[in-house]
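Notes follow the structure.
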There are 2 protein chains.
Amino acid sequence: MPASRARTPRNTLSSELIVQTALDLMEAKGTDAFSLRGLAAELGVGPMALYTYFRNKDDLYDAVRDHLMALVPAVPQELAWPDQVRSVCRGMRALMLQHPCLAQLLGSRPLSGHETARVAEGLLGVLRSAGLDAETAARTHTTLFTYVLGATSWEIQMAAERRDPDSWRRLRTTMESLSSHQYPTVVELAAELARTTGGDEQFDYGLDLLLAGLEVRRPS
Amino acid sequence: MPASRARTPRNTLSSELIVQTALDLMEAKGTDAFSLRGLAAELGVGPMALYTYFRNKDDLYDAVRDHLMALVPAVPQELAWPDQVRSVCRGMRALMLQHPCLAQLLGSRPLSGHETARVAEGLLGVLRSAGLDAETAARTHTTLFTYVLGATSWEIQMAAERRDPDSWRRLRTTMESLSSHQYPTVVELAAELARTTGGDEQFDYGLDLLLAGLEVRRPS
DNA sequence: CGGTGTACTATACACCGTACGTTATAGCTT
DNA sequence: AAGCTATAACGTACGGTGTATAGTACACCG
């Protein structure tokens with residue numbers, strides 16, 4: 001007899017273990033390939049066991065996102081405020097690059113979780129102590145946040161594309177099919193665009209643009 | 001007899017018809033709920049009929065995205081360059097708001113398609129004629145593009161969340177559970193953040209920040 | 001020792017994308 | 001007009017998904 005598979009002992013599972021394992025799996029196999037069944041298998045458990053800890057898959061996604069947001073470092077207190085802003089934004093970007101699934105989770109899940117609030121608190125505090133009024137601080141926070149999210153998600157996306165030979169080749173041939181008569185500037189700058197896509201320099205360039213604009217507008 | 005369902009006539013389908021119907025469906029039922037089977041049913045056709053025109057679902061997504069990018073308006077020639085930039089970015093945002101699936105497609109599919117190149121050509125041309133060198137133009141283009149994408153995706157996301165009563169209530173209770181001792185600034189600015197999330201003003205604020213920064217750095 | 005709550009399991013359903021092989025027809029050639 | 005061929009649409013099937021529902025066995029408490 002195939003030995004009616006010994007029942008797994010009683011408390012092998014916990015929210016923390018599930019979240020951690022889910023995160024590991026997403027990074028190992030890619031966020032899109034992640035499935036509850038795969039996660040359950042990895043944990044040596046039936047798929048439905050997960051529902052004791054999470055109402056559904058999206059609920060688990062939220063938990064993973066908050067788990068990751070906890071890793072965004074605190075604002076360093078000893079810097080001037082523009083460098084504090086830089087520090088927070090770079091920290092966020094670094095974390096997204098290290099955990100690409102975070103980009104996906106931030107982009108496709110509604111906002112919630114204490115750790116997300118913690119990060120917002122840090123950045124908002126910096127902006128207020130820089131002398132911005134409530135409305136400007138809120139607007140600036142949203143601007144910075146969406147810039148970081150957009151720029152870094154795009155960077156991750158492009159990196160993934162470069163890694164996939166099929167999609168990379170498709171892009172190359174599309175580019176080469178563009179007549180320099182129709183799209184002179186794109187053709188002229190193709191190499192430049194490819195070279196400057198992603199990377200610390202590109203990210204900092206946009207960030208500095210925002211900070212420079214902010215300083216121009218700031219009440220001295 | 002149930003009449004062995006009359007075979008659909010020979011040339012009912014075409015790439016254009018499929019793309020248009022797919023787009024309609026995505027906007028009617030939501031991008032996530034879109035499926036090839038549903039699309040085929042809408043067209044009165046078996047699911048496999050679609051594979052005559054598209055290699056797979058992703059291929060269809062790419063076609064839909066390019067179809068939408070064709071609707072980004074051309075750069076108005078009579079304006080000063082900063083207003084040209086504003087015009088392109090706002091046009092892109094408007095299109096994304098009108099077709100929320102575009103945000104999703106741009107964020108999750110690799111770059112390709114002639115229409116995408118057309119849009120890039122317009123913006124790059126403006127930047128070059130503003131006097132930016134090749135590298136700066138490329139960097140600025142990427143910055144603007146990722147800002148528009150990030151800001152508008154976020155806006156769409158938040159709007160969707162507000163529409164879903166379940167998720168909206170969850171956010172409210174999370175916010176209310178934040179002690180103003182732990183997160184004083186978030187609590188203080190909660191109303192402000194909610195009020196300033198999304199909308200033309202918020203988008204233009206960030207865009208103006210970028211343009212102001214650009215002007216500071218630009219060789220006069 | 002018996003009862004109760006609950007952590008895990010089993011089964012099942014309704015879907016999904018798509019590989020593979022088949023069929024019928026539109027249009028060309030003769 | 002007859003026949004051939006290319007191909008548009010089809011049917012079937014496979015392996016996967018999330019999760020509703022009902023069941024089971026263990027830990028703990030009286």
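Letters A, B, ... mirror the listed sequences (proteins, then strands); counts begin at 1.
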Sorted by chain and number, sequence neighbours left out, ring-ring contact (aromatic ring centres under 6.0 Å, His included) with B/Phe145 holds for A/Trp154

Expressed in angstrom and rounded to an integer, what is the separation of [X] atom [atom1] from [N] atom [atom2]?
X	N	atom1	atom2	result
B/Leu43	D/dA8	CG	C1'	14 Å
B/Tyr51	C/dT18	OH	P	3 Å
A/Asp59	D/dG18	CG	P	14 Å
A/Leu39	D/dG16	CG	P	17 Å
B/Leu50	D/dC10	CG	C1'	12 Å
A/Tyr61	D/dG18	OH	C1'	11 Å
A/Ile18	C/dC8	CD1	P	8 Å
B/Leu13	C/dT25	CG	C1'	16 Å

Where A/Ser153 and A/Met96 come nearest, the two heavy atoms and their spacing | OG-CE, 4.0 Å

Nucleotide paired to C/dG21 in any strand shown, Watson-Crick or G-U, under 3.5 Å | D/dC10

Residue pairs meeting side-chain hydrogen bond (donor to acceptor under 3.5 Å, both in side chains), one or both in residues 167-179 of chain A, sequence neighbours left out, come to A/Ser177-B/His114

Mind jotting down which residue pairs meet the side-chain hydrogen bond (donor to acceptor under 3.5 Å, both in side chains) criterion with at least one end in residues 25-41 of chain B? Sequence neighbours excluded, please.
-> B/Glu27-B/His99, B/Asp32-B/Gln104

Can you give me the N/O atom pairs linking the protein to nucleotides 11-16 of chain C at distances under 3.5 Å, or say none if there are none?
| from | atom 1 | to | atom 2 | distance (Å) |
| --- | --- | --- | --- | --- |
| C/dC16 | OP1 | B/Ser35 | OG | 2.7 |

Salt bridge (charged side-chain N to carboxylate O under 4.0 Å, His left out) against B/Asp164, all qualifying residues, sequence neighbours excluded = none

side-chain hydrogen bond (donor to acceptor under 3.5 Å, both in side chains) partners of A/Arg118, counting only residues at least two apart = A/Glu115

The side chain of B/Tyr53 lies closest to which of these nucleotides: C/dT9, D/dT19, D/dA8?
-> D/dA8

